[in-house]
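For reference, the structure discussed in these notes is given below.
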Amino acid sequence: VPVFLKKIFLFVGIFVLILAFSGCTAFETDTEALLAPPVFTEEQEKLNAALSEVIGEDYVLEYPENGKTNSAFIFEDLDDDGIEEAMAFYSVFDESTRINILKKTGESWVSVYEAAGFYGDIESVNFAKIEEKGSAIVIKWEQEVGIYRYENERLEQVHGDSCEGAEITDIDGDGKNEVVIISKNA
């Protein structure tokens with residue numbers, strides 16, 4: 001047997017031994033086995049507990065896929081009172097995604113409003129200061145956009161339509177943002 005073949009066999013043998021005793025397992029092909037739920041912060045744990053009190057234990061948190069906010073719990077001062085509210089996105093039994101608004105009272109969170117969203121995944125959640133008080137909440141769902149206003153502890157949908165995209169920009173140069181909806185059907 002030539003010397004170079006002995007070196008190759010020796011190298012392969014050592015590689016197999018190293019791999020066998022390294023503690024590594026074969027590659028996992030099941031993606032569900034590779035996924036782990038995110039670890040909550042202390043504040044998110046309190047929000048999750050408050051949400052569970054209202055809707056029970058059988059729900060799945062939903063996460064926006066894109067945008068600046070990609071958490072199931074989004075903190076924003078929705079009513080301009082200087083205190084951040086929390087928005088939670090979840091679904092129950094494969095129904096449409098729901099939105100829950102929670103307000104902090106002391107050290108705990110309390111659900112103050114709940115609303116149905118659209119079917120499909122949440123692509124993004126953005127906030128636009130388009131009025132003097134409060135912000136417009138622009139939620140881009142899989143095939144639709146929902147524009148909401150939070151006032152008097154109520155979430156009101158002011159616009160909902162199918163679309164390809166939605167952008168927040170100062171389109172007319174007046175120093176105030178507008179919501180631009182991009183649609184195939186004009």
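- Using a 4.0 Å cut-off between charged nitrogen and carboxylate oxygen, Glu43 and Lys104 count as a salt-bridge pair.
- Looking at Met87 and Ile139, their side chains come closer than 4.5 Å, going by heavy atoms from C-beta outward.
- Taken from CG in Leu47 to CG in Leu102, the straight-line distance is 5.5 Å, to the nearest 0.5 Å.
- Between Lys46 and Glu107 there is a salt bridge, since at least one side-chain N of the basic residue sits less than 4.0 Å from a carboxylate O of the acidic one.
- Criterion: ILVMFWY side-chain heavy atoms under 4.5 Å apart, direct or through other members. Under it, Val60 and Val92 are not part of a common hydrophobic cluster.
- Scanning both residues, Trp109 and Glu84, for their nearest heavy atoms gives CH2-O, 3.8 Å.
- From Tyr113, atom OH reaches atom CG of Leu155 across 6.5 Å, with rounding to the nearest 0.5 Å.
- Heavy atoms from other residues, nucleotides or ligands lying under 6.0 Å from CG of Asn152 number 12 at most.
- Taking both residues in full, the closest heavy atoms of Ile99 and Trp141 are given as CD1-CZ2, 4.1 Å, listed atom of the first, atom of the second, then distance.
- Atom NZ in Lys103 sits 12.0 Å away from atom OG in Ser111 (nearest 0.5 Å).
- The two residues Ala116 and Tyr148 have their closest heavy-atom pair at O-OH, 4.5 Å.
- Looking at Leu5, Leu10, Val3 one by one, the single match for side chain to side chain contact (heavy atoms under 4.5 Å, CB included) with Lys7 turns out to be Val3.
- When every heavy atom of Tyr59 is checked against every heavy atom of Leu61, the shortest pair comes out as CE1-CD2, 3.8 Å.
- Phe75 is not connected to Ile83 by any chain of hydrophobic side-chain contacts under 4.5 Å among Ile, Leu, Val, Met, Phe, Trp and Tyr, and they are in different clusters.
- Side chain of Glu114 to backbone of Asn100: no donor-acceptor contact under 3.5 angstrom is found.
- Cluster annotation: Phe11 and Ile14 are assigned to distinct hydrophobic clusters (Ile/Leu/Val/Met/Phe/Trp/Tyr, side-chain heavy-atom contacts under 4.5 Å, transitive).
- Atom CD1 in Ile137 sits 5.5 Å away from atom CZ in Phe127 (nearest 0.5 Å).
- Nearest heavy-atom pair, Ser124 versus Pro64, reported as atom, atom and distance to 0.1 Å: CA-CB, 4.2 Å.
- Heavy-atom neighbours of Ile8 CD1 from other residues, nucleotides or ligands within 6.0 Å: above the threshold of 12.
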Discussion item. Please determine whether side-chain hydrogen bond (donor to acceptor under 3.5 Å, both in side chains) holds for the pair Glu62 and Ser91, giving the CA-CA distance in whole Å, both sets of side-chain angles, and the decisive distance to 0.1 Å.
Written reply: CA-CA 7 Å; Glu62 302 290 342; Ser91 61; 2.6 Å; yes
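- The backbone N or O of Asp81 lies less than 3.5 Å from a partner atom in the side chain of Asp77, making a donor-acceptor pair.
- The CD1 atom of Ile122 sits 5.0 Å away from atom OG1 of Thr97, with the distance rounded to the nearest 0.5 Å.
- Nearest heavy atom pair, residue Ala72 against residue Tyr63, reads N-CD2, 3.3 Å.
- Taking the charged nitrogens against the carboxylate oxygens, Arg149 and Asp79 have no contact shorter than 4.0 Å, which rules out a salt bridge.
- With values rounded to the nearest 0.5 angstrom, Arg98 atom CZ is found 5.0 Å from Tyr90 atom OH.
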